[in-house]
Amino acid sequence: MTKSLAAAGLRIVGEWVEPEGLIPPYITGQAPSCPPDEGRVESVLDVLDPLLHEKANADWYRLAVEGGLFSEADRRFLLPHKPVEGGPVRWCCVELQDDWDIMGKGAAGLLGSAPLRPEFRMLSLDGNVLCFATTWQHSISTSVLTAPHQSRVLRRFAEWVAQGAMDGPNEPPLSTEVRRWLDTSSG
């Protein structure tokens, strides 16, 4: 994981402890379904654009800073990761380094399926900004969603998950974590 993050220009921040109340990483997977009227701002680029790499990185950075994922002075944010095999996915704090390539080398590792084929979710330290990217058939999109805890789409999905729909037999129940988030976050 550390090597893949380093290729993207990210460094794991040690001594960070996940606070209570953050949206569960699993729930954020539905973020591309959130409509603009829920506060989602999106940038879409054609995969055949000859300047795709430069534009995709620039759009990600612009949206991240303007949306509040991080600031130019404090470039820390959260990524989902699975610290223990068979354990739950948790948030991990990372810091953007000066030499970074989220959409190229980063998307070739933990942040996607190949260079310029991103699939990631990122959360601000306070949990109030969700940044995500996805690859479509002919385009890639990068989006920012403010106040994810207020999203009707995410809360509706969370209600379904909280009923045990995604609990596996050999894993800690996801429904418990999701129910706790629903009960403590204001919708």
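Atom set for the values below is all heavy atoms of this structure, side chains included, hydrogens, waters and symmetry mates excluded. Fair warning: this is a prediction, and the values are worked out from it, not measured in the lab.
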### Query
Can you pull the side-chain hydrogen bond (donor to acceptor under 3.5 Å, both in side chains) pairs that have at least one residue in residues 126-140, sequence neighbours excluded?
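As it turns out, the side-chain hydrogen bond (donor to acceptor under 3.5 Å, both in side chains) pairs with a partner in residues 126-140, which skip direct neighbours, are Glu119-Thr134, Ser124-Asp126, Asp126-Asn128, Trp136-Ser141.
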
#### Entry: Of all pairs that satisfy side-chain hydrogen bond (donor to acceptor under 3.5 Å, both in side chains), the ones with a partner from residues 14-35, not counting sequence neighbours
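side-chain hydrogen bond (donor to acceptor under 3.5 Å, both in side chains) check on residues 14-35 returns Thr28-Arg121.
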
### Message
Applying salt bridge (Lys or Arg N to Asp or Glu O under 4.0 Å) as the test, list every pair that has at least one member in residues 22-34; sequence neighbours left out.
### Response
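Salt bridge (Lys or Arg N to Asp or Glu O under 4.0 Å) check on residues 22-34 returns no pairs.
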
### Message
Going by salt bridge (Lys or Arg N to Asp or Glu O under 4.0 Å), name the pairs with one or both residues in residues 21-30, residues two or more places apart or in two chains.
### Response
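For residues 21-30: none.
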
Can you list everything that forms a salt bridge (charged side-chain N to carboxylate O under 4.0 Å, His left out) with [X]? Sequence neighbours excluded, please.
X: Glu38; result: Arg152
X: Glu72; result: none
X: Glu95; result: Arg11
X: Glu42; result: Arg40

### Under the side-chain hydrogen bond (donor to acceptor under 3.5 Å, both in side chains) test, residues paired with Ser143 that sit two or more places apart
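Ser143: no side-chain hydrogen bond (donor to acceptor under 3.5 Å, both in side chains) contacts found.
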
### With Arg179 via side-chain hydrogen bond (donor to acceptor under 3.5 Å, both in side chains) - residues at least two apart
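Counting only residues at least two positions away or on another chain, Arg179 forms a side-chain hydrogen bond (donor to acceptor under 3.5 Å, both in side chains) with Glu159, Asp183.
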
Without placing hydrogens or testing angles, list every side-chain donor-acceptor pair under 3.5 Å for residues 109-116, not counting sequence neighbours.
none

### Query
Tyr61 pairs by side chain to side chain contact (heavy atoms under 4.5 Å, CB included) with which of Leu63, Asp59, Asn57, Val65?
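Passing option: Val65.
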
### Message
Using a strict threshold of under 4.0 Å (side-chain N to carboxylate O), is an ion pair present between Lys105 and Asp99?
### Response
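Lys105 and Asp99: not salt-bridged.
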
### With Phe77 via ring pair (Phe, Tyr, Trp, His ring centres under 6.0 Å) - residues at least two apart
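Residues passing ring pair (Phe, Tyr, Trp, His ring centres under 6.0 Å) with Phe77: Phe70.
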
Side-chain heavy atoms of [X] within contact of [Y], under 4.5 Å:
X: Met103; Y: Trp60; result: yes
X: Ile102; Y: Leu96; result: yes
X: Met166; Y: Val178; result: no

